[in-house]
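A short write-up of the structure that comes next.
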Amino acid sequence: MNFDLSSLNPQQLRAVVHRDGPLLLLAGAGSGKTRVVTHRIAHLIQHGTRPEGILAVTFTNKAATEMSERLHGLVGSDTAEKVMTSTFHKLGVLILKRDGRSVGVPEDFTIVDTDDQLTLIRDAMRQAEINTERYEPHWIQYRISAAKNAGMFADNLGARITDVIGQVISSVYRAYTDLLRRSNAVDFDDLLLLPLSILQTRPSALDYYRGRFLHILVDEFQDSNHVQLEIIRLLADKSRNVCVVGDDDQSIYGWRGALIRNILEFERYFPDATTITLTQNYRSTSVILTAANAVIQHNQSRRPKDLWTETISDDLIPVVQLRTPQDEARYVVEKIEEISRSEGRALDQFAILVRTNAQTKNFEEALRLSQTPYHLVGGLTFWDRAEIKDALALLRLLVNPNDEVALRRAVGVYGTAVGPATFRRLIDAAHVHRRTLLDMMENASGVSGIGGKAAQICEEFARHIKSHGLLLYPGGPVAAVVRRLIDSVKLNRLLITRAGDEEEGTKRYSNVKELVRSLEAYESRRGREASLGEFLRGLALDQTDSADQTDGKVTLMTLHSAKGLEFPVVFLCGLEERIVPHARVVDEDGDVDEERRLFYVGMTRARAKLILTWCQKRERFGETKRSIPSRFLDELPAHITCREDLGDLAEPEQSNLTSAREDAFRRLASLFGDV
DNA sequence: GGCATCGATGTTTTT
DNA sequence: CATCGATGCC
Ligand SMILES: Nc1ncnc2c1ncn2[C@@H]1O[C@H](COP(=O)(O)OP(=O)(O)OP(=O)(O)O)[C@@H](O)[C@H]1O
């Protein structure tokens, strides 16, 4: 073990060695919360706790990886590997795999993504006879998700909200759940809700997990929702060994059900909790911290904190005005080169943070053009390509022949002649005969209403899937079977036909081969433990390309993805009204304070240098519109910022102001008949 | 039942 | 502007 308690300040030390009962560490950005978590784990292990008995939960994969890496450095790889560092959703998969049968989920379940979810919601609306014109499927999807995050099943929701809208949502929710279960599938929210339900209703399961996880630690607890809190509550109820850390000022997931009160009122849920706060920031310079503190001060309800730092700096924070996002990207890339050269910083010390994934496009172009190595976090990935989803649909079917969404997609690729009507008949027949959809397809000619051509294609397709499905068995080869299936359906030709262009089709097929390579890599990693189902579930949960090295590369990502990370030099870009705060929040009377927290999170990622930029013009939905700087920029103390104007348009704020003033003047003048 | 064209809608943010 | 679903024609 390679860790040293003397590297902690007295408060941190107290938290690390705290023994009896629940512990809450509520502290500001960069005060060493995550460091406490990792050191606490190391300390527990050193004092005899089995590493397997420790569960460290985070909310994002990146945070889990980060935690795991820090742990490796502290206790060595062999030990670190045994500690269960996981996201809540991964933990949910673990519980569902072991105990899902009691809630109607088989071992080899499918996890549907948000696209599939929407497809299913549309189906469910049709089934529940809800007009898709009258109710926006997206909105229903959102409402169902919100209900799930609040711990409600369809019946709970229907009983609780008795007005028409509540009934509409709960009826779709019910039909949607039926569809999911019939497909042996769950959605992301189910990965939390169903495990909670298991823990609540199956005492033997609860006992098992309580015995397994003797110590629980949760990072970024301000982002927990109702269901997550309840899971922790149940798991820790007996041992009382729970340590949660977080910062109310960094709560940025309210839109997916996170409740700040989970952390602010922690003592209500764990009455015997000890609370420790940390006030020294070890990350940022005084200038950056002063700026961040000044901004977050504008939020109404928050726990006041007095964060301070010893790192004095007199570098002002540039607030740079650019003309267009293209200019902005070029400027940032040039600046990175310049700073990198003058200060001898490697490129992995730089991060470009933006509000939306769409904003990354211009930066990618500029980075590529200047041949600056970069790495993009999140956004649309390799796995979102149509041909990859097509191929994945085939794999999903191998594992789970009930996966309706996958079947529809896969058949569509395999051949024409099978459309919605055929599908409907198959589903109905499967229902009547209580067989899987794939079984019905195999005997499609026996289903009334399905004609020769369609039946033939169905049967052919079903035989491909079935015969290859038989080749999969526990401990057996995986990638080899998949390769065989892809050859036997002649995916290569199918993709070329579909693309209508040899070259394009071949390109798509090479992406599929890339997918197979990734499966091979997974298989050699897991050896005989490898299973296609696990590979697919892992992919649903985490689409990070593990081959994408971050060393020596600039990081480009959204503010949300940046939480918990730190970089010596941070660029916060696109700081305009309608971006930060986002238009949707402003227009729909949303939570502007959460947007401010997002800005705060961004600023506090920076260790040494923070550079803020905004553009005068920006394209939205094809048309270029004038932008004005984010209101949050006005909240920065003027004496620590330095405004730079690299735009070429007249100040829009001023011209607006002027014209408004002129307007008022004219109106006033007209009253006196003096125009 | 497939296929082309048209039009609405969307870019928050993640698992 | 680009995607995706709905509509209508073959
Ligand atoms: N006692 C300490 N002495 C020196 N450095 C420290 C100390 N505590 C924390 N740090 C350093 O400060 C930085 C921030 O720590 P950490 O990431 O744990 O903070 P955090 O509170 O989790 O931050 P955030 O909430 O903003 O994600 C890290 O680089 C960490 O190594």
Side-chain angles (χ1 to χ4, degrees), chain A residues 57-64 86-93 111-115 117-119 122 126 132-133 136-139 142 145 148-149 186-193 220 223-225 227-228 251-258 325 353-361 377-381 384 386 412 415-425 449-455 457 498 500 537-544 557-563 574 578-588 590-591 594-595 597-599 601-602 618-624:
Chain A
V57 199
T58 61
F59 290 83
T60 64
N61 296 302
K62 210 159 347 55
S86 166
T87 63
F88 264 105
H89 289 83
K90 260 206 202 112
L91 175 66
V93 170
I111 301 170
V112 298
D113 64 17
T114 20
D115 280 353
Q117 195 182 17
L118 195 60
T119 309
R122 285 210 175 86
R126 231 163 39 88
T132 50
E133 308 267 275
E136 173 63 38
H138 269 121
W139 183 78
Y142 172 79
S145 175
K148 286 184 162 189
N149 285 323
V186 300
D187 64 19
F188 286 126
D189 303 319
D190 285 333
L191 294 177
L192 307 174
L193 182 61
E220 311 278 13
D223 292 323
S224 62
N225 66 29
V227 175
Q228 289 160 331
S251 166
I252 54 175
Y253 285 101
W255 52 273
R256 65 170 203 202
L353 307 184
V354 293
R355 174 67 233 263
T356 67
N357 285 308
Q359 285 170 262
T360 59
K361 208 179 135 212
V377 178
L380 281 188
T381 66
D384 293 312
T416 51
V418 183
T422 305
F423 224 81
R424 194 106 301 280
R425 293 203 175 92
I450 298 183
K453 180 86 192 294
I457 296 221
R498 218 175 172 217
R537 281 188 292 273
L539 212 54
L541 254 37
D542 185 2
Q543 310 204 326
T544 317
M557 65 183 156
T558 65
L559 289 166
H560 281 87
S561 302
K563 188 164 55 79
R578 321 213 101 233
I579 303 279
V580 205
H582 196 274
R584 294 256 321 231
V585 175
V586 180
D587 294 346
E588 287 158 34
D591 189 357
E594 181 160 308
E595 297 288 300
R597 291 195 289 268
L598 205 45
F599 183 47
V601 166
R618 188 174 289 274
E619 208 174 306
R620 304 175 68 81
F621 304 137
E623 58 176 347
T624 305

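Residue numbers begin at 1 in each chain, while the letters A, B, ... track the order of the sequences.
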What is the distance, rounded to the nearest whole Å, between atom [atom1] of [X] and atom [atom2] of [N]?
X: A/Gln117; N: C/dC4; atom1: CD; atom2: P; value: 16 Å
X: A/Phe621; N: B/dT11; atom1: CZ; atom2: P; value: 8 Å
X: A/Glu623; N: B/dT11; atom1: CD; atom2: P; value: 17 Å
X: A/Arg578; N: B/dG10; atom1: CZ; atom2: P; value: 15 Å
X: A/Glu133; N: C/dG5; atom1: CD; atom2: P; value: 14 Å
X: A/Glu619; N: B/dT11; atom1: CD; atom2: C1'; value: 13 Å
X: A/Asp115; N: C/dC4; atom1: CG; atom2: P; value: 7 Å
X: A/Glu588; N: B/dT11; atom1: CD; atom2: C1'; value: 12 Å

Task: Phosphate OP1/OP2 of B/dG1 contacted by A/Arg425 side-chain N/O (<4.0 Å) - done: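 Checking B/dG1 against A/Arg425, a side-chain N or O does come within under 4.0 Å of OP1 or OP2.
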TODO: Describe the nucleic acid contact of A/Arg122 in one word from base, sugar-phosphate, nothing, applying a heavy-atom distance below 4.0 Å.
DONE: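 Since only primed, P, OP1 and OP2 atoms lie under 4.0 Å of A/Arg122, the category is sugar-phosphate.
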Task: Partner residues of A/Glu623 under the side-chain contact (heavy atoms from CB on, under 4.5 Å) criterion, sequence neighbours left out - done: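 If we apply the side-chain contact (heavy atoms from CB on, under 4.5 Å) test to A/Glu623, skipping adjacent residues, the hits are A/Lys625.
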Task: Those residues that, when tested against A/Thr119, pass side-chain contact (heavy atoms from CB on, under 4.5 Å) (two or more places apart) - done: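 Counting only residues at least two positions away or on another chain, A/Thr119 forms a side-chain contact (heavy atoms from CB on, under 4.5 Å) with A/Arg408.
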Report, one pair per line, the protein and nucleotides 13-15 of chain B atoms (nitrogen or oxygen only) whose separation is under 3.5 Å.
from   : atom 1 : to       : atom 2 : distance (Å)
B/dT13 : OP1    : A/Asn357 : N      : 2.4
B/dT13 : OP1    : A/Asn357 : ND2    : 3.3
B/dT13 : OP2    : A/Asn357 : ND2    : 3.4
B/dT13 : O2     : A/Trp255 : NE1    : 3.1
B/dT13 : O2     : A/Arg355 : NH2    : 2.7
B/dT13 : O2     : A/His560 : NE2    : 3.4
B/dT14 : OP1    : A/Thr558 : OG1    : 3.0
B/dT14 : OP1    : A/Ser561 : OG     : 3.1
B/dT14 : OP2    : A/Asn357 : ND2    : 3.3
B/dT14 : O2     : A/Arg256 : NH1    : 2.8
B/dT15 : O3'    : A/His89  : ND1    : 3.2

- [ ] Measure the acute angle between the ring planes of A/Phe59 and A/Phe88, then classify it against the limits of 30° and 60° as parallel, tilted or perpendicular.
- [x]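 Ring orientation of A/Phe59 relative to A/Phe88: tilted.
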Salt bridge (Lys or Arg N to Asp or Glu O under 4.0 Å) against [X], all qualifying residues, sequence neighbours excluded:
X: A/Asp223; result: A/Lys563
X: A/Asp115; result: A/Lys389
X: A/Arg537; result: A/Asp108

Open item on the list: If I pick the P atom on C/dC4 and the same atom on B/dT13, what distance separates them, to the nearest angstrom?
Closed with: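 Those two atoms are separated by 16 Å.
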Open item on the list: I want to check something: taking the side chain as every heavy atom from C-beta on, are A/Leu559 and A/Val601 in contact at a cut-off of under 4.5 Å?
Closed with: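 They are not in contact (no side-chain heavy atoms under 4.5 Å apart), so the answer is no.
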